[in-house]
Every structure is written in structure tokens, then in C-alpha cells.
Amino acid sequence: MVASVSAPFDELTTGRRAWIARAGLRELATTIGRPGREAVAARPDLLARVDQHAASIRESLGGTLLDPVALAGYSAAIRDAASEAGDTLDDWSQPSWAMLRLLAVCTLTDP
């Protein structure tokens, strides 16, 4: 049996990187975006915080036209750091910085 070897992300074609990034962002929209938007609907005070995060992300990643690969990589780094810190990213009654940041990524990918 021959083991399947996948190429490092940097060696993939631009189209394949974009496809992987969009898949990751779709999963983020399901796990964070949907419950996060419900939380914002129930607690409008969160909207301003998410908007501030979105503006900060836009600025740090270079403007209004955001690359899905950059956003996917950025959100993966936030998820990894949150996981290492023990944040389960699921308590919308007390959303963490990481949860609000990831929800902001969702708003930037699907306004």
C-alpha cells in the first residue's frame, strides 16, 4: 500500500490554496458565524465589538479586498492560539476575544 503524501500548502497551486481556504472559511461560518450572529441578534452590544475587530483585521491584512487565503490562515492561527489557551470558542454569553475576532472574519467573508 502506498501512503498518500500531500504537498506543503506553499507548494499547492493558487487555485487549490483558494479552494482549501474557502472550505475552511465555510466551516468557520458554520461553527462560529452562525451562533455568533445569533448572539449578536440577541445582544446588540456585541455588534460594535465585532465591527471594531473587522476594521482591525481589514487594516492589518491590507485593505478592503481581503484574500480568502490570508483570512483562512489568520483565522486558523487564532483558533490554534485559542485552543492552546483552553478556549472552547462556544460560550456566547461571555464571548472571548478570539470568538469575536473569528466572528469578524466571518462578517468579512460573507457580509
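Quick caveat, the model's predicted, so the values are computed rather than measured. Numbering of residues begins at 1 and proceeds along the displayed sequence.
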request  = For a side-chain contact (heavy atoms from CB on, under 4.5 Å) with I20, tell me which candidate from R22, R16, R17 qualifies.
outcome  = R16
remark   = Given the options L46, L89, L103, D90, P95 meets side-chain contact (heavy atoms from CB on, under 4.5 Å) only with L46
query = Between CD of E27 and CD1 of I32, what distance do you get to the nearest 0.5 Å?
reply = 8.5 Å
query = Which pair of heavy atoms, one from P35 and one from T30, lies closest together, and at what distance?
reply = CD-O, 3.5 Å
key: Shortest non-hydrogen contact between S75 and L28, atoms and distance   = CB-CD2, 3.9 Å
task = Measure across S93 and R43 and return the closest heavy-atom pair with its distance rounded to 0.1 Å.
result = O-NH1, 3.0 Å
task = For the pair T107 (side chain) and A104 (backbone), establish whether a donor and an acceptor sit closer than 3.5 Å, ignoring hydrogens and angles.
result = yes
Review item, side-chain donor-acceptor pairs of residues 48-57, under 3.5 Å, at least two apart:
{"residue": "H53", "atom": "ND1", "partner": "R101", "partner atom": "NH1", "Å": "3.0"}
{"residue": "S56", "atom": "OG", "partner": "R101", "partner atom": "NH2", "Å": "3.1"}

inquiry  = Give me the atom names and distance for the closest heavy-atom approach of V105 to Y74.
reply    = CG2-CD2, 4.1 Å
Separation of T31 OG1 from M99 CE (nearest 0.5 Å) = 10.0 Å
task = Mind listing the closest non-hydrogen atom pair of W97 and I78 along with its distance?
result = CZ3-CG2, 4.4 Å
message = Restricting to non-hydrogen atoms, name the atom on A21 and the atom on P68 that form the minimum distance, rounded to 0.1 Å.
response = CB-O, 3.6 Å
